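Computation of the quantities below employed the complete heavy-atom set of this structure, encompassing side-chain atoms and omitting hydrogens, waters and symmetry-equivalent molecules. Lettering follows sequence order; numbering is per chain, from 1. Model, not experiment: these values are computed from the prediction.
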There are 2 protein chains.
Amino acid sequence: MVGDPERIIRYLRGRGLRSTDARRKIVEVALDTGHHFTAEDLLDLIRQRGHRVSRASVYRTLSLLCEGGFVESREFQRGQMMYEVMVGQHHHDHLICTRCDRIVEFQNEAIERLQDQIADQHGFKLESHSLRLFGICPGCR
Amino acid sequence: MVGDPERIIRYLRGRGLRSTDARRKIVEVALDTGHHFTAEDLLDLIRQRGHRVSRASVYRTLSLLCEGGFVESREFQRGQMMYEVMVGQHHHDHLICTRCDRIVEFQNEAIERLQDQIADQHGFKLESHSLRLFGICPGCR
DNA sequence: TTTCGTGCAAATTGTTTGCACGTTC
DNA sequence: GAACGTGCAAACAATTTGCACGAAA
């Protein structure tokens with residue numbers, strides 16, 4: 001299945017990285033988290049399952065997962081990174097409620113195309129982008 | 001003229017805030033900086049002009065200027081805020097070169113409209129947005 | 001057995017805060 | 001003279017790093 005932790009471990013092995021206990025636990029729990037989470041959230045979840053892993057390893061493994069494109073990080077609130085598993089997910093952007101911090105995902109092909117055009121017009125080779133819409137969600141209005 | 005520091009000081013006065021030496025220097029130098037700058041950059045510029053102002057006051061005043069909409073802050077590189085004077089400027093978004101950190105501004109009406117639509121569709125009252133395109137600039141390719 | 005990854009604690013870094021004092025109103 | 005703003009240094013908080021030890025290859 002799509003969220004198979006072993007697939008990621010295999011990828012890491014392919015890059016000459018080792019398959020360690022900590023990495024396997026971190027990947028496994030990360031894939032299980034439904035949605036957006038912080039490094040600290042992930043650490044808590046891992047510990048709730050009775051695994052002992054250090055905060056440093058969580059950060060180090062999250063970096064690897066980001067490099068591999070399995071996870072994406074973005075900053076919804078200043079000073080804290082949120083992570084999201086992208087395995088089996090299409091790219092999307094976010095609406096963030098400034099009252100309750102609720103996050104809603106959306107996809108918009110037209111915006112994506114316009115972004116490509118803009119990069120082209122300025123001679124940039126586009127690598128990534130970040131689009132965040134901040135506002136007040138229906139529930140908070 | 002458009003970048004008149006006194007206009008901003010008057011606005012602050014109107015909000016019950018005082019017109020102090022530090023605030024005047026900070027506003028004056030900020031308005032003179034052509035473009036994107038960090039809090040530290042601004043502090044350096046102020047000191048180069050022979051004024052003695054504390055780092056704390058720079059941060060505090062930049063906050064006020066952001067609240068008033070005279071300045072906008074955004075994070076181009078993780079962990080550090082960049083500020084930009086918006087007095088006399090239209091809203092725009094940014095292309096950021098991941099090699100040399102060059103920043104190019106662009107405006108795109110179509111994207112703005114699409115953002116409004118998306119917020120509407122999800123019942124959000126849009127307050128602000130942040131769109132950053134990361135890539136490699138012509139000079140670095 | 002060599003290399004790599006881990007856990008720990010300490011360091012880092014931009015920003016914020018508490019407080020005593022000086023300024024503005 | 002009351003309230004507010006300042007400067008300073010200490011506090012913060014998320015993340016990174018140095019290092020000695022244990023595990024993977």
Need one value for Ala56(A): base, sugar-phosphate or nothing, where a base atom within 4.0 Å counts as base even if backbone is also close, heavy atoms only.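 Base contact.
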By the 4.0 Å heavy-atom rule, please label Thr38(A) as base, sugar-phosphate, or nothing.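 If one applies the 4.0 Å heavy-atom cut-off, Thr38(A) turns out to touch nothing in the nucleic acid.
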Indicate whether OP1 or OP2 belonging to [N] is found under 4.0 Å from a side-chain N or O atom of [X].
X	N	result
Ser57(B)	dG7(D)	yes
Arg78(B)	dA14(D)	no
Tyr59(B)	dT15(C)	yes

Any donor-acceptor N/O pair under 3.5 Å between dG14(C) base and Arg55(B) side chain: no
Indicate, yes or no, whether a donor-acceptor pair under 3.5 Å links the base of dG7(C) to the side chain of Arg60(A).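 Side chain to base: pair present.
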Distance-only side-chain donor-acceptor flag, His91(B) / Glu72(B), under 3.5 Å: no
In whole Å, I'd like the distance from the [atom1] atom of [X] to the [atom2] atom of [N].
X	N	atom1	atom2	answer
Arg24(A)	dA23(D)	CZ	C1'	11 Å
Ile9(B)	dC25(C)	CD1	P	10 Å
His51(B)	dT6(D)	NE2	P	15 Å
Ile26(B)	dG7(D)	CD1	P	7 Å
Leu43(A)	dT6(C)	CG	P	13 Å
Asp21(A)	dA25(D)	CG	C1'	16 Å
Arg13(B)	dT24(C)	CZ	C1'	9 Å
Arg52(A)	dG7(C)	CZ	P	9 Å

Can you list the steps and then say if Glu127(A) with Ile136(B) is a side chain to side chain contact (heavy atoms under 4.5 Å, CB included)? CA-CA 7 Å; Glu127(A) 293 179 326; Ile136(B) 305 184; 3.4 Å; yes
Would you kindly compare Met82(B) and Arg18(B) by the position of their nearest DNA chain C nucleotide and give the one closer to the 5′ end?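 Closer to the 5' end of DNA chain C: Met82(B).
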Judged by each residue's nearest nucleotide on DNA chain C, which is more toward the 5′ side, Gln80(B) or Thr20(A)?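 Result of the comparison: Thr20(A).
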Do you know which two heavy atoms are closest between Ile103(A) and Ile96(A), and how far apart they sit? CG1-CG1, 4.4 Å
If we only count heavy atoms from C-beta on, is the Arg74(A) to Met81(A) side-chain gap below 4.5 Å?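 With C-beta onward as the side chain, the pair stays apart.
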Taking the inter-plane angle between the rings of His122(B) and Phe106(A) on a 0 to 90° scale, is it parallel (under 30°), tilted (30 to 60°) or perpendicular (over 60°)? tilted
